[in-house]
Q: 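Could you have a look at this structure, given as structure tokens, before my questions?
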Amino acid sequence: MDALDLARWQFGITTVYHFLFVPITIGMSLLVAILHTAWVRTGKAHYLRATKFFGKLFLINFAMGVVTGIVQEFQFGMNWSSYSRFVGDVFGVPLALEALLAFFLESTFLGLWIFGWDRLPKKIHLACIWVVAVGSALSAYFILAANSFMQWPVGYKLGAGRAELTDFGAVLTNKVVLAAFPHTIFGAWLSGGAVLLAVSAWHLARGRDADVFRPTLKLGLWTTLVAFVLVFFSGDTLGKIMTETQPMKMAAAEALYETAQPAPFSLFTIGTLDGGRPIFQLEIPGALSYLATGSFDGKVQGINDLQAEYEQRFGPGDYRPYIPVTYWGFRLMIGCGALAALIALVLLWLTRRGRLPDKRWLWRAAAWSVVLPVAAHSFGWIFTEMGRQPWIVFTEMKTAAGVSPAVGAGTVLTSLIVFTLLYGALAVVELGLMIKYGRQSPPQIQDKPEDDTTLTFAY
């Protein structure tokens, strides 16, 4: 492989790995804030125990996300210097706001929340974790605003071979980020709900601390279910925006080679090894037209017609993404999220009216369901980025033009191996810590004899 292929592999591995932690962090910040609020409002000790317990898991995940995210910034300069020069003027503002505003809110108020127990007034201490949750969402918005410029560049002009920012408001209100942000946040809630669901199910299956984990199981189940419904509808909106801005990506997502009206939605496709044409397809008539246009009789452009159109606009070349990756990435994203919601729905029904099912396989499925939303996020990001190829900035810069010209394949291969091994070690640490502390019982709470209203914690 040449330097371009190796640089793409390195960025893909490190980015997908980093994004394993991001949605859990965003989702759990909200759910920990909800548990903390429940304790402040009710004074019930089991809510406080749950807050402390899941707060520790949230902190482990947050720390790992920060560590793995640092590498992302360095890769822009190391392997993608031409790309960095092209987008630097546009990316500088949203990424600076993410670091100076959003991450500042997260880190500062998270520190106050960690060390503020028994030091800050209850409501001020509670406000700290809510600021963390808001800061996490803001951080996602600014990063998505930068990424959306790659999907649909706006608010710029070309000058001296680079994109120059002319309208920062247009970048922040890009139609892609306005659709992608709620879809991403709802997906993060799905991931956070799955963590509560899985950990609570593991403890309840062993008959441990039912007073703590029965409420958190319910919260996780409802969050997972409601979040999936919100993901479904926000994804419908994002699909229409994607059809408008990047019709080739939508066509590749469905392996739609010929323009169709109405266009069917492909449930299953077997194609040639190069992804050049389908051999067998199982389809739902008119479903793709509705997803893409809002009408069951809408017209959807096919891959072949779009390829011919792009050759006329941008010159000779292959403007098709790798079809098998986009096709199956799109379906695995939807399928993993739907399966997590189905598990939540079944368990919600079986635990109604205080019941706890005695089926071992069901509890095992619930405990493993945490993997599904995380996998859905990964497949979704792979689809989003691979579906834009061969562009690194759609219509303005091809991926091959963005790689660092002075960096050789050997250098990139060395850093790829080092980062992959490092991230593998961090994965062992992350899983070890999450499993270790996830299996522990929540902290015990004892009333002080001299003051029945004051609580202390025994770990």
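Worth knowing before you read on, the calculation uses all heavy atoms, side chains too, and leaves out hydrogens, waters and symmetry mates. All values reported here derive from a predicted model rather than from experimental measurement.
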Q: Please determine whether side-chain contact (heavy atoms from CB on, under 4.5 Å) holds for the pair V393 and Y83, giving the CA-CA distance in whole Å, both sets of side-chain angles, and the decisive distance to 0.1 Å.
A: CA-CA 9 Å; V393 179; Y83 161 75; 4.0 Å; yes
Q: Heavy atoms only: give me the nearest N79-A7 pair and the separation to one decimal.
A: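 Taking N79 first and A7 second, the nearest heavy atoms are CB-CB, 3.9 Å.
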Q: Find the distance between CG (L219) and CZ (F213) and round it off to the nearest 0.5 Å.
A: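 Taking CG in L219 and CZ in F213, the distance rounds to 13.0 Å.
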Q: Can you confirm if the aromatic rings of W117 and H36 lie within a centre distance of less than 6.0 Å?
A: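 Yes, they do, as the ring centres are separated by less than 6.0 Å.
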Q: Minimum heavy-atom separation for P373 and S191, please, with both atom names.
A: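 Closest pair (atom of P373, atom of S191, distance): CB-OG, 3.5 Å.
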Q: Tell me whether Y141 contacts the main-chain N or O of L172 through its side chain, where contact means a donor paired with an acceptor under 3.5 Å.
A: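 Side chain of Y141 to backbone of L172: a pair is present.
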Q: Please verify the inter-ring angle class for H203 with F53; under 30° counts as parallel, over 60° as perpendicular, anything in between as tilted.
A: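 Plane angle over 60°, so perpendicular.
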Q: Grab the two heavy atoms, one from L347 and one from L197, that are nearest each other, plus how far apart they are.
A: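 Nearest pair, atom of L347 first, then L197: CD2-CD2, 4.4 Å.
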Q: Parallel, tilted or perpendicular: which one describes the rings of W391 and F394, with boundaries at 30° and 60°?
A: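 Plane angle over 60°, so perpendicular.
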Q: Could you tell me if the side chain of I26 sits less than 4.5 Å from the side chain of L30, heavy atoms only?
A: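 Of all side-chain heavy-atom pairs linking I26 with L30, none is under 4.5 Å.
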Q: For the side chain of N174 and the backbone of V154, is there at least one donor-acceptor N/O pair under 3.5 Å apart?
A: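 Answer holds: no.
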Q: What's the separation between atom CE in M64 and atom CD1 in I60, rounded to the nearest 0.5 Å?
A: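 Rounded to the nearest 0.5 Å, the CE-CD1 separation comes out at 8.5 Å.
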Q: Return the OG1 to CZ distance between T384 and F330, rounded to the nearest 0.5 Å.
A: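 That separation rounds to 9.5 Å.
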Q: I'd like to know whether CH2 of W130 has more than 12 heavy-atom contacts from other residues, nucleotides or ligands below 6.0 angstrom.
A: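 Atom CH2 in W130 is packed in, count exceeds 12.
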Q: Do side-chain atoms of S148 reach the backbone of A145 as a donor and acceptor pair under 3.5 angstrom?
A: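 Looks like no, no N/O pair under 3.5 Å.
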Q: Contact between V374 and P23 at the side-chain level, heavy atoms closer than 4.5 Å - yes or no?
A: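 V374 vs P23: side chains apart.
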Q: Before giving the answer on side-chain contact (heavy atoms from CB on, under 4.5 Å), spell out for D211 and R49 the whole-Å C-alpha distance, their side-chain angles and the decisive distance to 0.1 Å.
A: CA-CA 10 Å; D211 61 323; R49 296 180 68 198; 3.6 Å; yes
Q: Would you say that T15 contacts E385 through its side chain, given a criterion of any heavy-atom pair below 4.5 Å between the two side chains?
A: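 They are not in contact (no side-chain heavy atoms under 4.5 Å apart), so the answer is no.
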Q: Is there a donor-acceptor contact under 3.5 Å from the side chain of T108 to the main chain of L105?
A: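 No, T108 side chain to L105 backbone: no donor-acceptor pair under 3.5 Å.
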Q: Indicate yes or no: at least one non-hydrogen side-chain atom of W113 is less than 4.5 angstrom from one of L120.
A: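 No; the side chains remain at least 4.5 Å from each other.
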Q: Are N61 and F58 close enough that some pair of their side-chain heavy atoms sits under 4.5 Å apart?
A: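 They are not in contact (no side-chain heavy atoms under 4.5 Å apart), so the answer is no.
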Q: Salt-bridge test for R162 and E396: reply yes if a basic N is under 4.0 Å from a carboxylate O, no otherwise.
A: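 Here R162 does not pair with E396 in a salt bridge, since their nearest N and O are not under 4.0 Å apart.
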Q: Minimum heavy-atom separation for F168 and P94, please, with both atom names.
A: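 In this case the closest contact between F168 and P94 is CE1-CD, 3.7 Å.
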Q: Answer yes or no: is there a side-chain heavy-atom contact under 4.5 Å between S136 and E106?
A: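 Touching, per the 4.5 Å side-chain cut-off.
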Q: Test side-chain contact (heavy atoms from CB on, under 4.5 Å) on L31 and V195 and set out the steps.
A: CA-CA 10 Å; L31 295 175; V195 172; over 6 Å; no
Q: Can you name the nearest heavy-atom pair linking K249 to R388, along with the distance?
A: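 Shortest heavy-atom separation between K249 and R388 comes out as CE-N, 3.8 Å.
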Q: How long is the straight-line distance from CD of E98 back to CG of L144, given to the nearest 0.5 Å?
A: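 Output value for this atom pair is 10.5 Å.
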Q: Are any non-hydrogen side-chain atoms of V171 and V93 less than 4.5 angstrom apart?
A: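 No, too far: nothing below the 4.5 Å cut-off.
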Q: Donor-acceptor pair, S404 side chain versus S81 backbone, under 3.5 Å?
A: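 A pair under 3.5 Å: yes.
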Q: Treating Y17 as the side-chain partner and Y423 as the backbone partner, does any N or O pair qualify as donor plus acceptor under 3.5 Å?
A: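 Side chain of Y17 to backbone of Y423, a donor-acceptor pair under 3.5 Å: yes, one is there.
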Q: With a 4.5 Å limit on heavy-atom distance, are the side chains of I13 and F419 in contact?
A: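 When only atoms from C-beta onward are counted, F419 and I13 do not touch, as no gap falls below 4.5 Å.
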Q: Just by modelled atom types, is the G220 backbone N or O under 3.5 Å from a matching donor or acceptor in the T223 side chain?
A: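 Not a single qualifying donor-acceptor pair exists.
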Q: Will you find, in the side chains of T399 and Q389, an N or O donor that is under 3.5 Å from an N or O acceptor?
A: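 Indeed, the side chains of T399 and Q389 share at least one donor-acceptor pair under 3.5 Å.
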Q: Mind checking the CZ-CD1 spacing from F91 to I143? Nearest 0.5 Å is all I need.
A: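 Going from CZ on F91 over to CD1 on I143, the span is 11.0 Å.
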Q: May I ask you to check if K122 and W39 form a cation-pi contact, with NZ or CZ under 6.0 angstrom from the six-membered ring centre and within 45° of the axis?
A: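 Yes, a cation-pi geometry.
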Q: With under 30° as parallel and over 60° as perpendicular, where do the rings of F62 and F103 fit, or are they tilted in between?
A: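 Rings of F62 and F103: parallel, as their planes differ by under 30°.
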Q: To check you understand the geometry: which heavy-atom pair defines the closest contact between S200 and F54, and what is its length?
A: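 So the minimum-distance heavy-atom pair works out to OG-CZ, 3.8 Å.
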Q: Under 3.5 Å, is there a donor-acceptor pair between the side chain of H377 and the main chain of F19?
A: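 No; zero donor-acceptor contacts below 3.5 Å.
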Q: Quick check for you: to the nearest 0.5 Å, what is the distance between E254 atom CD and T326 atom OG1?
A: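 It is 9.5 Å, given to the nearest 0.5 Å.
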